[in-house]
Amino acid sequence: MSMVATAEVCDANPPLIHSGELRALQPVFQIYGRRQVFSGPVVTLKVFEDNVLVREFLEEKGNGRVLVVDGGGSLRCAILGGNPVQQATNNGWAGILINGCIRDVDEINGCDIGVRALASHPMKANKRGVGDKHVPVIMAGTRILDGEWLYADTDGILVSKMELSI
């Protein structure tokens, strides 16, 4: 899909909204990174105050995907920093959605990638390598599955069961 406003996507797809195939996340995320509009197929990850698996994913080729990380909504430490975001940019990730905190905001804001997170926090995450890959996650009132499509702009974030075209 070409970059179309999320509001236009909603206006053009009432049947998908009614059926639950197109869902809007609650507006709880802050906008970071230079790319304010992004979309792509979703890869899910579930961790808690641990960033080892986040870094591992972002070291892979992104191929236009969006990494969706359920960090349990923790506001006690950051599970994403500037170096992994720069690596994600270099590896072709379209965006990152974090249900948790980030750090190194100035570095992240200099990267050509879309990042959404709850807040920023100066403390680092743990490094245990504990978490679950490619599992359903629930964030901002919405269940998100591996392989679905995410669309984000300054109006909000949508998740669709399929790639959309308008």
Side-chain angles (χ1 to χ4, degrees), residues 1-48 51 53-58 60-75 78-80 84-85 87-89 91-102 105 108-109 111-120 131-166:
M1 179 177 104
S2 61
M3 294 301 171
V4 177
T6 55
E8 291 178 26
V9 172
C10 290
D11 292 349
N13 292 287
L16 295 179
I17 294 168
H18 182 69
S19 70
E21 293 178 59
L22 177 63
R23 293 137 5 244
L25 275 67
Q26 295 168 353
V28 297
F29 296 99
Q30 303 297 313
I31 297 173
Y32 303 97
R34 284 199 332 241
R35 193 180 299 174
Q36 295 196 357
V37 177
F38 62 93
S39 65
V42 168
V43 178
T44 60
L45 178 60
K46 188 171 189 169
V47 298
F48 187 73
N51 70 353
L53 297 179
V54 176
R55 292 180 74 99
E56 286 178 6
F57 262 113
L58 298 177
E60 298 175 8
K61 292 293 179 195
N63 300 316
R65 296 177 295 170
V66 176
L67 181 60
V68 174
V69 182
D70 180 358
S74 175
L75 299 175
I79 57 174
L80 182 68
V85 172
Q87 189 158 33
T89 303
N91 286 338
W93 288 87
I96 306 166
L97 173 62
I98 302 270
N99 185 25
C101 293
I102 63 168
V105 171
I108 290 173
N109 285 341
C111 293
D112 185 25
I113 192 169
V115 177
R116 301 294 189 273
L118 295 178
S120 62
D132 297 305
K133 301 176 182 181
H134 308 291
V135 296
V137 297
I138 297 176
M139 297 170 45
T142 302
R143 186 170 192 245
I144 305 171
L145 304 175
D146 209 68
E148 291 188 310
W149 280 75
L150 185 139
Y151 301 90
D153 67 9
T154 54
D155 281 338
I157 302 169
L158 300 175
V159 176
S160 172
K161 290 198 178 291
M162 71 214 75
E163 184 176 9
L164 300 174
S165 60
I166 293 185

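Taking all atoms of both residues into account, the shortest heavy-atom contact from W93 to K61 is NE1-C, 4.1 Å. Shown here for I31 and R116, the closest heavy-atom pair between the two residues is CG1-NE, 3.5 Å. Considering all non-hydrogen atoms of both residues, G71 and I79 come closest at CA-CD1, 3.9 Å. Closest approach of A152 to I157, counting heavy atoms only: CB-CG1, 4.1 Å. Minimum interatomic distance between G64 and A94 (heavy atoms only, all atoms of both residues): O-CB, 3.4 Å. Nearest heavy-atom pair across P84 and R55 is CG-NH1, 3.3 Å.
Annotation: side chain of V66 is not in contact with side chain of S39 (no heavy-atom distance under 4.5 Å). Contact of the I96 side chain with the L80 side chain is registered, since non-hydrogen atoms from C-beta on lie closer than 4.5 Å. Between W149 and V42, every side-chain heavy-atom pair lies at or beyond the 4.5 Å cut-off. Here the side chains of V9 and Y151 are not in contact, with every heavy-atom distance at 4.5 Å or above. R65 is listed as a side-chain neighbour of E60, based on a closest heavy-atom distance under 4.5 Å. Under the 4.5 Å side-chain criterion, counting only non-hydrogen atoms from C-beta, D146 is in contact with V43.
Each of V28, D70, V137, L25 was checked for a side-chain contact (heavy atoms from CB on, under 4.5 Å) with N99, and the lone residue meeting it is D70. Each of L58, I108, I113, V115 was evaluated against T89; a single residue qualifies, I113, per the side-chain contact (heavy atoms from CB on, under 4.5 Å) test.
A24 is linked by a side chain to side chain contact (heavy atoms under 4.5 Å, CB included) to L158, counting only residues two or more places apart in sequence or in another chain. In this structure D11 satisfies the side chain to side chain contact (heavy atoms under 4.5 Å, CB included) test with no other residue, sequence neighbours excluded. Evaluation of the salt bridge (charged side-chain N to carboxylate O under 4.0 Å, His left out) rule for E21 yields no partner, not counting sequence neighbours. By the salt bridge (charged side-chain N to carboxylate O under 4.0 Å, His left out) test, R23 pairs with E148, sequence neighbours left out. With sequence neighbours excluded, the residues satisfying side chain to side chain contact (heavy atoms under 4.5 Å, CB included) with F48 are S74, R76. In this structure, the side chain to side chain contact (heavy atoms under 4.5 Å, CB included) partners of A117, at least two apart in sequence or on a different chain, are Y32, I98, I102.
Distance check, rounded to the nearest 0.5 Å: OG of S160 to CD1 of I144 gives 12.0 Å. The line from CG of L150 to CG of L97 is 6.0 Å long, rounded to the nearest 0.5 Å. Rounded to the nearest 0.5 angstrom, C111 SG and Q87 CD are separated by 11.0 Å. In this structure, CG on D153 lies 9.0 Å from CD on E8, to the nearest 0.5 angstrom.
Between the T44 side chain and the V135 main chain, a donor and an acceptor come within less than 3.5 Å of each other.
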